[in-house]
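This one's a predicted model, so the numbers in the text were calculated from it and none came from an experiment. Residue numbers start from 1 in every chain, and the chains themselves are labelled A, B, ... in the order their sequence lines are given, proteins ahead of strands.
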Amino acid sequence: MNTAPAIEVRGLVKKYSNKTAVAGIDLTVEQGEIFALLGPNGAGKTTTVEILEGYRKANSGEIKVLGFDPATKGIAGQKWRNRIGIVLQSASDAADLSVIETVSHFANYYQNPKDVDQVINDVGLTEKIDSKVHQLSGGQRRRLDVALGIIGSPELLFLDEPTTGFDPEARRSFWDLIRTLKSEGTTILLTTHYLDEAQELADRVGVINNGQLIEIAPPSTLGGRNNAPAKVMWVENGVSKELLTSNPTEEVIKLNQHFNGQIPELQVLRPNLEEIYLKMIGEVK
Amino acid sequence: MNLLGETLRIGLLRGSLELKQFMRQRESVVFTLLFPVILLFIFGTVFRDTIAPGVTFSQYFVAGMIASGLVNTGFQQLAITIPMERDAGTLKRLRGTPMSISSYFIGKSILVTILMILQTALLLFFGSVMFDLNLPSDPSLWLNFTWLVILGSACSTVLGIAFSVVPKSGRGASAVVSPIVIILQFFSGVFFVFTSLPIWMQQFAAIFPLKWLTQGMRSVFLPEDFATQEVAGNWELGKTALVLVLWLIIGLFISIRTFKWSRE
């Protein structure tokens with residue numbers, strides 16, 4: 001099996017008339033990996049992803065997506081698109097067609113489409129199979145977008161903020177779907193605003209700010225999170241107490257001895273991904 | 001894989017999908033197909049004067065409306081709906097699939113062709129039943145009618161696609177496109193007898209295809225000797241074909257060079 005990276009980017013630069021949107025990004029996404037790209041609005045996230053998807057042209061840099069330059073036009077570009085799936089940020093099209101009509105039609109575009117009913121079932125729209133697209137709720141519509149993104153059995157799937165507008169339950173089942181796709185070997189590049197989503201799904205997270213990738217790491221170690229001071233909280237004589245420590249285990253043992261047993265309302269908190277992330281994008285300002 | 005066959009197959013599938021979607025939007029069906037018929041009723045009923053021996057204005061008007069129908073269903077329809085599809089993200093989504101741009105255009109052409117056939121049939125039917133439009137018996141006139149429709153609709157379709165880059169947004173598209181079509185109809189001898197228009201208007205209209213299409217349709221549906229009433233004293237069919245072919249080439253060139261898949 002070919003083990004070349006699914007995405008390889010070196011020195012990607014994209015400028016718009018007066019401003020640099022992407023200022024030299026290096027990025028490698030391995031086959032079968034779920035990679036999450038995080039960053040505030042206007043950080044260059046969408047620009048980067050749209051260059052990888054072939055929608056925009058970079059000013060400079062080496063870009064290989066499944067071994068191809070996404071800017072390739074013509075028949076080679078068409079063949080390349082047969083191997084990728086794209087779920088865009090917002091689409092409100094095809095409102096007068098039903099779910100099954102839309103998905104079946106898109107299946108025709110691909111050489112190796114998945115089973116239409118199966119895909120509709122996978123995204124949880126079986127009950128809505130004959131509903132018109134305009135009758136779907138925002139979350140259901142988003143799931144249809146995902147169905148259209150995966151119908152062609154893509155090797156690489158781009159998901160741009162896929163769960164915006166989902167209720168918690170829909171988000172959970174969406175995450176399960178993504179894990180299933182990963183278990184089938186699909187590489188996934190995800191952008192999201194939800195830190196918990198990145199934490200749940202991603203093998204690695206890249207934080208982008210002001211057009212630069214400021215860190216790439218697994219969610220558990222991002223921003224030195226694993227070594228960051230933890231907060232130990234408890235209650236003593238009816239008063240809340242807390243302390244910051246880089247060795248919470250030791251502190252808890254001490255407290256355990258101090259209280260001679262149960263520590264009242266004990267909590268040990270590691271900084272969550274969101275705190276780490278906000279700190280990271282704040283630092284670069 | 002046979003690439004040409006595949007492009008054609010997807011194009012046909014897109015055509016049937018486009019048609020299905022169109023027919024489900026009742027307001028657009030009414031606007032596109034029935035509006036010209038309604039206009040035909042109004043003008044045909046109000047202006048019953050004779051403009052030449054044996055020719056009433058309503059006959060003149062029906063010929064013009066058949067020509068306008070090609071502009072409405074092709075140019076107007078596409079120049080309005082493509083920007084709307086662009087805003088809705090339809091085009092961007094399609095761009096991200098292996099579907100080729102040719103298949104998209106084939107689909108649009110199928111939709112437009114079927115609409116044109118329906119509309120022309122409606123206008124011919126009401127025109128002949130209610131407003132004494134003479135359906136020609138001479139096969140050579142039907143032959144002229146056929147090439148005029150084919151060339152006119154092809155021209156109208158590619159110009160619609162070409163013009164689709166002009167409206168900034170889908171919501172504003174109708175406001176940009178419709179006045180152009182209406183003004184062109186006034187200038188091109190649809191609502192008035194062409195030769196009664198000021199010379200500058202005639203000359204301006206002669207740049208665009210609609211004037212030539214209306215004249216061509218009159219050559220089919222009005223008595224042969226009415227040709228002497230035309231600007232050149234004859235039907236100028238050769239020149240008509242030339243103008244339409246030129247616009248077809250210009251439209252194709254612009255469509256391919258400037259087509260925009262997303263708004264930015």
Point to revise | Toward chain A, the part of Ile101(B) with a non-hydrogen atom under 4.5 Å | key: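 Neither the backbone nor the side chain of Ile101(B) comes within 4.5 Å of chain A.
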
Review point. By a 4.5 Å heavy-atom criterion (distance strictly below it), what part of Arg9(B) contacts chain A: side chain, backbone, both, or neither?
Key: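 Side chain only.
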
Please determine whether the number of non-hydrogen atoms from other residues, nucleotides or ligands lying under 6.0 Å from atom [atom1] of [X] exceeds 12.
| X | atom1 | result |
| --- | --- | --- |
| Phe35(B) | CZ | no |
| Gln135(A) | CD | yes |
| Arg10(A) | CZ | yes |
| Ile38(B) | CD1 | yes |

Check your understanding: Between Arg93(B) and Ile86(A), is there a donor-acceptor pair closer than 3.5 Å when you use the side chain of the first and the backbone of the second?
Key ->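 Pair absent, no side-chain N/O of Arg93(B) close to backbone of Ile86(A).
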
Check your understanding: Does Tyr55(A) reach the main-chain N or O of Lys92(B) with its side chain, forming a donor-acceptor pair under 3.5 Å?
Key ->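 Pair found, side chain donor or acceptor close to backbone of Lys92(B).
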
Check your understanding: Are Gln25(B) and Asp96(A) linked by a side-chain donor-acceptor pair shorter than 3.5 Å?
Key ->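 The answer is yes; a qualifying pair exists.
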
Point to revise | Closest heavy-atom pair and its distance - Ile10(B), Asn108(A) | key: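 Nearest heavy atoms, Ile10(B) then Asn108(A): CD1-O, 3.2 Å.
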
Review point. Can you name the closest pair of heavy atoms from Lys20(B) and Leu97(A) and give their distance?
Key: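 Here Lys20(B) and Leu97(A) meet closest at CD-CD2, 4.2 Å.
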
Check your understanding: Is the closest side-chain heavy-atom distance between Tyr109(A) and Arg14(B) below 4.5 Å?
Key ->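 In contact.
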
Review point. Do Arg24(B) and Lys132(A) come close enough that some side-chain heavy atom pair is under 4.5 Å?
Key: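 A side-chain contact exists here, since the closest heavy-atom pair is under 4.5 Å.
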
Exercise for review: Scan for ring pair (Phe, Tyr, Trp, His ring centres under 6.0 Å) pairs involving residues 107-126 of chain B, sequence neighbours excluded, and state none if there are none.
Suggested key: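 Checked against ring pair (Phe, Tyr, Trp, His ring centres under 6.0 Å) - neighbours excluded - the pairs reaching residues 107-126 of chain B are Phe41(B)-Phe126(B).
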
Let me confirm one number: the [atom1]-[atom2] distance from [X] to [Y], rounded to the nearest 0.5 Å.
| X | Y | atom1 | atom2 | result |
| --- | --- | --- | --- | --- |
| Thr102(A) | Leu17(B) | OG1 | CG | 7.5 Å |
| Arg81(A) | Leu94(B) | CZ | CG | 11.0 Å |
| Gln21(B) | His105(A) | CD | NE2 | 8.5 Å |

Point to revise | All pairs passing side chain to side chain donor-acceptor pair (under 3.5 Å) where residues 59-69 of chain A contributes a residue, at least two apart | key: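 Those involving residues 59-69 of chain A do not exist here.
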
